[in-house]
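This report refers to the structure that appears directly beneath it.
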There are 2 protein chains.
Amino acid sequence: MKKVTILDIAKELNVTFSTVARALNDHPAISAATKKAVRETAERLNYRQNKIASSLRSGRTNVIGVIVPSLRVTFFSSVVSGIEQVMNANGYNILLYQSNESLVKEKKGIETFLQSRVDGILASITTETTDYSSYEEIIKRKTPLVFFDRAIDQLNISSVTINDYKGGFTATEHLIQQGYKRILHITADREILIFRERLRGYIDALRYYGLPVDDDLIVKGDFSPEFGKTVIKEARLKNLEYDAVFALEDFTAMGVLQQLQEFNVKIPEEVAVIGFANESFGSLVTPQLSTIDQQTILMGKEAAKLLLKLKKAELTQEEKPEKIVLDPLLIVRASSRRK
Amino acid sequence: MKKVTILDIAKELNVTFSTVARALNDHPAISAATKKAVRETAERLNYRQNKIASSLRSGRTNVIGVIVPSLRVTFFSSVVSGIEQVMNANGYNILLYQSNESLVKEKKGIETFLQSRVDGILASITTETTDYSSYEEIIKRKTPLVFFDRAIDQLNISSVTINDYKGGFTATEHLIQQGYKRILHITADREILIFRERLRGYIDALRYYGLPVDDDLIVKGDFSPEFGKTVIKEARLKNLEYDAVFALEDFTAMGVLQQLQEFNVKIPEEVAVIGFANESFGSLVTPQLSTIDQQTILMGKEAAKLLLKLKKAELTQEEKPEKIVLDPLLIVRASSRRK
DNA sequence: TTGAAAGCGCTAACAC
DNA sequence: GTGTTAGCGCTTTCAA
């Protein structure tokens, strides 16, 4: 099967290939009759545009590079899903890269994007990213860039993130409003911004409602379900008094839930539990788990829209970074509803 | 910032651009000294290869098109994660497309892949796909194609799928071996191959172990968690006797679990429950849910490897489709362990 | 409304 | 070991 090019169509119709090119691109200066003839011949010959050639010549690829730590994390695969939807609806395709939280792979991915001359990049940085050279390179090359979820503040780049502080505040506020007074918070032992923000929200909510901030009620660790269990066990050993638990993640919250049930603690009568992330299982467990939704699909869509906006603005030389901060959503379920 | 090409490097070094091209591609006929000089100059000028130009000339893009129904389904995002890992390790990048189970979008995606001259395509068809023309077109164009999970048998194309029959058999066999005798199976009311296969495995396992196949114990419906609950409620109303439930999906199984607990039925003493898919929440609920693991990451990796193999075979004209069928893994947890 | 011509940046066959 | 040359298939400017 021979490759069909615009030249073949041109020969068939006794016009030049540039007329064919124009007709296929719906150029206004081409007569309707010619367009029709070209389209029919293209169809008949089973012609298919070569985007590579088109990109080389025009300088546009209609491809957007998307780099995430890992698709195995539901949060990111959801965001990518949202990105793909919007980008595809606007004629762009997605070149996908997983960094696996490795700085080396991240650099390699961005290098590939740049070599592939993508029309824009959407990125969520790795936890290892301390060296920003890859991203500086993107900026230097004037390739539109938007961060989502994990951004680099110093670079003054457009981004879409979620207000984790507000999420922490809202979760805590909800527990307080339900009448809980001694709220245990499980947070991470590593310095990760989003978790620190949730903690800050927790503390501020307590203060706002005039409740004491008790350091004994702030527990740090890896945030596995197992750790959730450990926290509850140790709290019992120490005779720690608490009537609610706000865990930084739904998975941690599940560990808490299980251990409390093992101790025959009534949820939410004696102790309330709320998680974070709105994982799919939250509504399937007993009692159903209250949580904070992070609006993943929306984040992807907003990030994509922001990039598209940036690409338009390029033309008019406007270059003010826009930082969209999404509000997390409180999802109240049985595990924390006592009123 | 001016665009740097191999010509700029050539000028700096007083060699021709083809020497530069060879040096950058590590051509054996270029002296080490020249290579070094070229690399240093490239670095200094911040040169970056233009993959578009390279692809146009060479006919290779190093891009693989991947089309899935939706990344919001954990199963698919996991598989894509596996695909990306292997492909990236072999120098390929992923162009990603979501069909959203729509035939129109599927066609559009494949059209884009073909126009982008991808070096291969990995696809999981939509539930709507009855017209195979898009895939026939891929084959006609001699673009290597591998199906994963959802394949089109008639096309005689390489594929990686999971043995759902065996999954159904294994789940049922496990329950029988644990001493359960009246096993309720929840399946789909729509004609979906994988679910029919699981059902077939269920039936064969019963027969193999000399147990009667009772139509009353096979319940069809949408397979939401809600439906799982409904099944248990109705079984009670009808005084249906059963001592185990094999649900076609973990989500359905969760509904079953919850309703049984609401009825104070002891799991697994009175009734065992097993699901399918090994969703992340299975080990977090009480009791932990037994299930069948579908080896998603492995499926992605195998599909990627198969495509790579196909691309090599292309050269030697071998073209026998290879159909890899992965064995599902039985994961025994508390919900079905009574021995 | 259409044609002519240049060239995007690279690869690769052939030459020396 | 390096240079010469011819495109890959398209977009786009200028001309008619």
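Sequence lines set the chain letters: A, B, ... in the order given, protein chains first and strands last, and positions in each chain run from 1. It should be emphasised that the depicted structure is a prediction, and the values quoted were computed from it without experimental measurement.
- Atoms CG (B:N25) and P (C:dT11) sit 5 Å apart, rounded to a whole Å.
- Contact record, A:V118 with A:T61: CA-OG1, 3.7 Å, taken as the closest heavy-atom pair.
- The environment of CD in A:Q154 is crowded: more than 12 heavy-atom neighbours from other residues, nucleotides or ligands sit within 6.0 Å.
- Atom pair B:I30:CD1 and C:dT11:P shows a separation of 13 Å (rounding to whole Å applied).
- Read 5' to 3', the first and last nucleotides of DNA chain D with an atom closer than 4.0 Å to a heavy atom of chain B are D:dG1 to D:dG9.
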Please step through salt bridge (Lys or Arg N to Asp or Glu O under 4.0 Å) for the pair B:E40 and B:K36, ending with a clear verdict. CA-CA 6 Å; B:E40 281 169 7; B:K36 187 159 175 283; 3.2 Å; yes
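- In this structure, of C:dG3, C:dA6, C:dC10, it is C:dC10 that holds the atom nearest to the side chain of B:R57.
- In terms of position on DNA chain D, the residue among B:T19 and B:S58 whose nearest nucleotide sits closer to the 5' end is B:T19.
- The NZ-P distance, from A:K35 to C:dT1, rounds to 9 Å in whole Å.
- Counting heavy atoms from C-beta outward, B:L308 and B:V86 have side chains that approach closer than 4.5 Å.
- In B:R72, the CZ atom is not crowded: 12 or fewer heavy atoms of neighbouring residues, nucleotides or ligands sit closer than 6.0 Å.
- Contact annotation for B:T34: backbone-only contact, meaning every heavy-atom pair under 4.0 Å involves sugar-phosphate atoms and none involves a base.
- Going from atom CZ of B:F17 over to atom P of C:dG9 covers 12 Å, rounded to whole Å.
- Distance, A:R22 CZ to C:dA5 P: 14 Å, rounded to whole Å.
- Looking at heavy-atom distances under 4.0 Å, A:R117 makes no contact with the nucleic acid at all.
- Put simply, CD1 on B:I52 is 16 Å from C1' on C:dG7, counting in whole angstrom units.
- Rounding to whole angstrom units, CG of residue B:L24 and P of C:dG9 are separated by 15 Å.
- A:T5 comes within 4.0 angstrom of the backbone, heavy atoms only, and of no base.
- If you measure from atom CG of B:N50 to atom P of C:dG9, you get 7 Å, rounded to the nearest angstrom.
- Considering every non-hydrogen atom in both B:A303 and B:L122, the closest pair reads O-CD2, 3.6 Å.
- Remark: A:K309 NZ is loosely packed, at most 12 non-hydrogen atoms of other residues, nucleotides or ligands lying under 6.0 Å away.
- Within the 4.0 angstrom heavy-atom criterion, base atoms lie near B:S18.
- Not one N or O on the side chain of B:E84 forms a donor-acceptor pair closer than 3.5 Å with the backbone of B:I94.
- Sorted by first then second residue, the ring-ring contact (aromatic ring centres under 6.0 Å, His included) pairs that include residues 119-147 of chain B, not counting sequence neighbours, are B:Y135-B:F147.
- Over its length, the helix from C:dT1-D:dA16 to C:dC16-D:dG1 turns its helix axis by 30°, as judged from the five terminal pairs at each end, rounded to 10°.
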